[in-house]
Amino acid sequence: MVKVTYVAADGTETIVDADEGSTVMQTALDNSVDGIVGECGGAMMCATCHCYVDDAWSDKTGPRQDGEDDMLECAADAVKPSSRLSCQIKLTDALDGLVVHLPQDQV
Amino acid sequence: MDNIVIVGAGQGGLQAAISLRQDGFTGRITLIGGEEGLPYQRPPLSKAYLKTGDAGALRLRPASFFAKAGIDLIGGLWVDHIDRNAQTVMAGDRVFPYDHLILATGTRNLRPPIPGLDRALDLRTLQDASRLRAALDRPKRCAVIGGGFIGLEFAAVAAGLGHDVTIAEAAPRLMARAVSPAMSERFHALHRDLGTTLHLNAPVTDVTEDGITLQDGSAIGADVVLLAAGVRPNTHLAKVAGLPVENGIVVDAFLLTNDPAISALGDCAVFPNPNTGQPVRLESVQAATDHARLISRRITGKSRDPYAAVPWFWSDQADAKLQIAGLAAPDDEALAGADGTIWRFAGDRLSAVETVNNAKTHMQARKRLAGVPIDRAALFGTGFDISAV
Ligand SMILES: Cc1cc2nc3c(=O)[nH]c(=O)nc-3n(C[C@H](O)[C@H](O)[C@H](O)COP(=O)(O)OP(=O)(O)OC[C@H]3O[C@@H](n4cnc5c(N)ncnc54)[C@H](O)[C@@H]3O)c2cc1C
């Protein structure tokens with residue numbers, strides 16, 4: 001199990017136990033964390049699973065995947081250096097305790 | 001309102017249930033689906049799933065989600081009747097009362113009257129896909145009836161796995177309903193380069209033990225025949241209940257049928273195109289989920305706006321990611337940009353943008369198409385830089 005904390009735009013925190021190998025997006029959907037939509041099911045065809053990786057974790061989540069930049073450019077909310085598509089962040093042991101912040105809008 | 005019943009637990013039906021909870025609906029939600037198991041997404045059925053066989057990766061939400069969200073999911077149950085006077089739906093001897101009913105019944109494969117067609121496999125459900133996968137256990141000759149998105153996605157995967165693939169398409173070009181002639185050409189070349197044989201203007205007249213026969217009499221040997229010649233909306237329930245049906249369940253700009261207690265969404269619904277007012281039926285994840293969100297906002301009183309979402313669609317074929325933003329009629333004009341982007345115009349208004357492996361332009365187009373109409377001259381003026389219009 002990998003612990004992930006989602007911080008909503010209004011500051012509400014949701015902490016969930018995720019399966020290793022799942023993604024930050026799928027884990028949010030599975031646990032009714034509002035604020036992640038994930039329209040295309042992780043095919044990198046939309047930007048509705050946008051999240052901001054907490055500064056303390058950005059080294060561990062690594063850089064954006066190929067193609068993420070282009071999709072993020074049209075995310076509904078402001079894109080920051082910490083912006084990622086949460087479907088592209090795979091959960092491993094090394095990410096146990098991960099904190100991500102959610103934007104106000106996804107669509 | 002206490003009781004909402006959703007018939008069809010696919011992409012759109014599930015999204016309606018989820019959105020209703022997110023929008024604060026506290027009454028009962030009953031989500032009834034004919035297929036067994038948890039709701040799943042279909043797009044990977046003709047893409048990743050054919051390669052990996054990983055059915056778990058398809059499910060949209062785990063079982064625990066439904067309990068937590070208070071959504072009564074009933075799988076493996078076919079609704080067979082709507083009683084609009086009593087406001088109930090019936091499935092066998094089970095009766096479900098509703099204050100509002102959402103029809104999300106999707107489509108089924110079109111089965112044209114071709115002799116021997118029962119030998120051909122379908123690709124609509126997970127069950128279909130797993131059957132198809134099993135049939136591809138060793139190198140085979142595959143014949144695909146229909147050169148639309150699903151047939152072509154299958155063909156690309158099958159060719160990539162080393163099968164020998166032939167496509168027979170009745171129309172003069174591939175994906176003719178959905179993309180420009182130039183894009184059809186581009187994908188024709190792509191499939192030819194994968195080693196696939198393509199026959200255009202080639203209606204299939206027979207499916208035999210040995211393969212398929214084309215209208216010109218030529219016989220194509222095949223061990224596996226896939227039928228991918230389009231779909232029919234599941235409108236039977238609505239029709240018998242006396243709701244208007246015309247190539248789909250007819251709804252207004254608020255996605256309501258002519259019965260104010262019944263909405264319809266997604267693949268089975270015909271709604272007014274926000275740009276033209278013409279009735280249109282779309283088969284896409286985008287339409288199903290955006291419809292669902294609008295219905296939820298309307299029911300919960302969050303918004304009274306008519307439906308106006310920009311259509312978008314994608315298709316993965318080999319290494320080409322085709323993306324379409326907007327909606328073009330088949331004869332809308334097509335102009336090719338230097339980077340391969342195809343710009344479609346209805347008169348002088350930009351109607352759609354077709355891109356391949358160019359997510360940036362696709363996303364920009366989606367954004368801009370949601371705003372004021374984009375004029376051809378304005379786009380010309382920027383040298384086809386849509387972000388600068
Ligand atoms: C192989 C394949 C690949 C695709 N690829 C893409 C793609 O790349 N991009 C894209 O945007 N779209 C794609 N699509 C289309 C997309 O999957 C559909 O547009 C979407 O699923 C529509 O959602 P829906 O809720 O309207 O219908 P569905 O998801 O089809 O759900 C309808 C459900 O209703 C059930 N049902 C029907 N009648 C009854 C009844 N009487 N009682 C109970 N249940 C009933 C059906 O069993 C079905 O499960 C693809 C489709 C297929 C088949």
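Convention: sequence-line order gives letters A, B, ...; per-chain numbering from 1.
Partners of B:F313 by ring pair (Phe, Tyr, Trp, His ring centres under 6.0 Å), not counting sequence neighbours, listed by chain and number: B:F149. A search for side chain to side chain contact (heavy atoms under 4.5 Å, CB included) contacts involving B:A63 returns B:L38, not counting sequence neighbours.
In plain terms, the two heavy atoms of B:L265 and B:A16 that are nearest each other are CD2-CB, 4.2 Å.
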Walk me through whether B:V179 and B:L322 qualify under side chain to side chain contact (heavy atoms under 4.5 Å, CB included). CA-CA 10 Å; B:V179 303; B:L322 166 66; 4.2 Å; yes
Before giving the answer on side chain to side chain contact (heavy atoms under 4.5 Å, CB included), spell out for B:I374 and B:W343 the whole-Å C-alpha distance, their side-chain angles and the decisive distance to 0.1 Å. CA-CA 11 Å; B:I374 298 166; B:W343 307 87; over 6 Å; no
Any chance you could lay out the side chain to side chain contact (heavy atoms under 4.5 Å, CB included) test for B:T30 and B:I4, step after step, and finish with the verdict? CA-CA 6 Å; B:T30 310; B:I4 296 179; over 6 Å; no
Walk me through whether B:V353 and B:I324 qualify under side chain to side chain contact (heavy atoms under 4.5 Å, CB included). CA-CA 6 Å; B:V353 180; B:I324 305 168; over 6 Å; no
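For the set A:C46, A:G42, A:G38, the count of heavy-atom pairs under 4.5 angstrom toward chain B peaks at A:C46.
For B:L60, the part sitting under 4.5 Å from any heavy atom of chain A is the backbone (N, CA, C, O) and nothing else. With a 4.5 Å cut-off on non-hydrogen atoms, B:P43 does not touch chain A at all. No part of A:A76 comes within reach of chain B, as not one of its non-hydrogen atoms sits under 4.5 angstrom from that chain.
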Put together the list of donor-acceptor pairs under 3.5 Å connecting chain B with chain A, please.
from   : atom 1 : to    : atom 2 : distance (Å)
B:Q22  : NE2    : A:D34 : OD1    : 3.0
B:R59  : NH1    : A:D30 : OD1    : 3.3
B:R59  : NH2    : A:D30 : OD2    : 3.4
B:R61  : NE     : A:L29 : O      : 3.3
B:T289 : OG1    : A:E39 : OE1    : 2.9
B:R293 : NH2    : A:E39 : OE1    : 2.6
B:K321 : NZ     : A:A43 : O      : 3.4
B:K360 : NZ     : A:E73 : OE1    : 3.4
B:Q364 : NE2    : A:E73 : OE2    : 3.1
B:R366 : NH1    : A:M45 : O      : 3.4

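The structure places CE of A:M25 at 5.5 Å from CG of A:L29, a figure rounded to the nearest 0.5 Å.
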